[in-house]
Amino acid sequence: MPESPYPMLSVDEALRIVLEHTPVLAPMRIPFVQAQGRVLAETLRALEPMPPFPAAGKDGYAVIAADTSPVRRVVGEQYAGYVADLRVTPGTAARVTTGAPLPPGADAVIMVELTEERDGQVTLHSQVTPGRDVRPVGEDIAAGQEVLAAGTVLGPAELGIVATVGATAVSVDPAPRAAVLSTGDELVEPGKPLRP
C-alpha cells in the first residue's frame, strides 16, 4: 500500500489542534425546566437552609416535652405548606403532618400511633423528649452549602435538587453544534445506484 503524500497525525494530536482552534463558548443562563441533559457551568449553592424551620418528622402532635400531663387539649392543626395561627402551651397539643412547621411553643412531636384523640383532647401513651421527631433547621441542606458542582450533567435527580433549593434558572455550558462534511468521489447520495 503506498504511503499517503499527506502528513499523518495521531488522534491525540488532531484533537489538540481542533480544541486549540475551537472557541470556548460563554455559559448561558436558562430556566431550570429546560436544563435536562445540560452541563452545569457553575457550582450551585443553597440560598437558605432546608428545612428552613423546625419541621415535624412524623404525623402526630406537636407538644411541649417538659409538660407531663398525659391528656392535652388539641388547639388546631398545622399542615405542611401552610402556617396556622396557633401556639402550643402547657396542657395543649397541635396536630401536625410530616414536614409541617413546628408550631410556636412546641419542642417535640409524638407520632399519631402513640396517641388517642377524642372530643378535642389527645391522650399521649408515651413520654416525649425535647427534639423528638423534629427535623432541625438545615438538617438536609445548610445555607450556602454546595449542592451541585460545576461540570455536573443535569438529569432528573439533579434538577430535583435545583428545584429544592429554589433556583429557577441555572448557568449551563451552551450545547455544542457539530457539522460533518463527507467528501470523495466514492460517495453517493442515499437511494442512488452504487457504481464500481
Donor-acceptor under 3.5 Å ([X] side chain, [Y] main chain):
X	Y	answer
Thr129	Arg132	no
Arg72	Ile64	yes
Glu158	Gly155	yes
Thr92	Val88	no
Arg45	Gly144	yes
Thr152	Leu148	no
Asp107	Gly131	no
Gln145	Ala46	no

**Message:** With side-chain contact (heavy atoms from CB on, under 4.5 Å) as the criterion, how do Val122 and Leu124 come out once you've worked through the C-alpha distance, each side chain's angles and the decisive distance to 0.1 Å?
**Reply:** CA-CA 6 Å; Val122 63; Leu124 281 56; 4.0 Å; yes
Tell me whether [X] shares a hydrophobic cluster with [Y], the cluster being built from Ile, Leu, Val, Met, Phe, Trp, Tyr side chains joined at under 4.5 Å.
X	Y	value
Leu25	Leu154	no
Tyr79	Val112	no
Val71	Tyr61	no
Val96	Val74	no
Ile30	Val165	yes

**Message:** Holding to salt bridge (charged side-chain N to carboxylate O under 4.0 Å, His left out), I want the full list of residues that pass it with Glu189, two or more places apart in sequence or in another chain.
**Reply:** none
**Asked** Does the pair Glu117/Arg95 count as a salt bridge with the N-to-O cut at 4.0 Å?
**Response** yes
**Item:** Whether over 12 other heavy atoms sit under 6.0 Å from Gln127 CD
**Value:** no
**Asked** Is the number of heavy atoms from other residues, nucleotides or ligands within 6.0 Å of CG (Leu19) greater than 12?
**Response** yes
Pairwise side-chain contact, [X] with [Y], heavy-atom cut-off 4.5 Å (strictly under):
X	Y	value
Gln36	Pro156	yes
Glu42	Arg29	yes
Gln121	Thr123	no
Val137	Pro52	no
Ile110	Asp133	no

**Request:** Start with the C-alpha distance between Lys58 and Arg135, add both sets of side-chain angles, then the distance that settles side-chain contact (heavy atoms from CB on, under 4.5 Å), and finish with yes or no.
**Result:** CA-CA 9 Å; Lys58 295 197 172 133; Arg135 295 176 53 227; over 6 Å; no
**Asked** Does one side chain, of Asp59 or Thr97, offer a donor that lies under 3.5 Å from an acceptor on the other?
**Response** no
**Prompt:** So, Asp67 versus Ser69: side-chain donor-acceptor pair below 3.5 Å or not?
**Reply:** yes
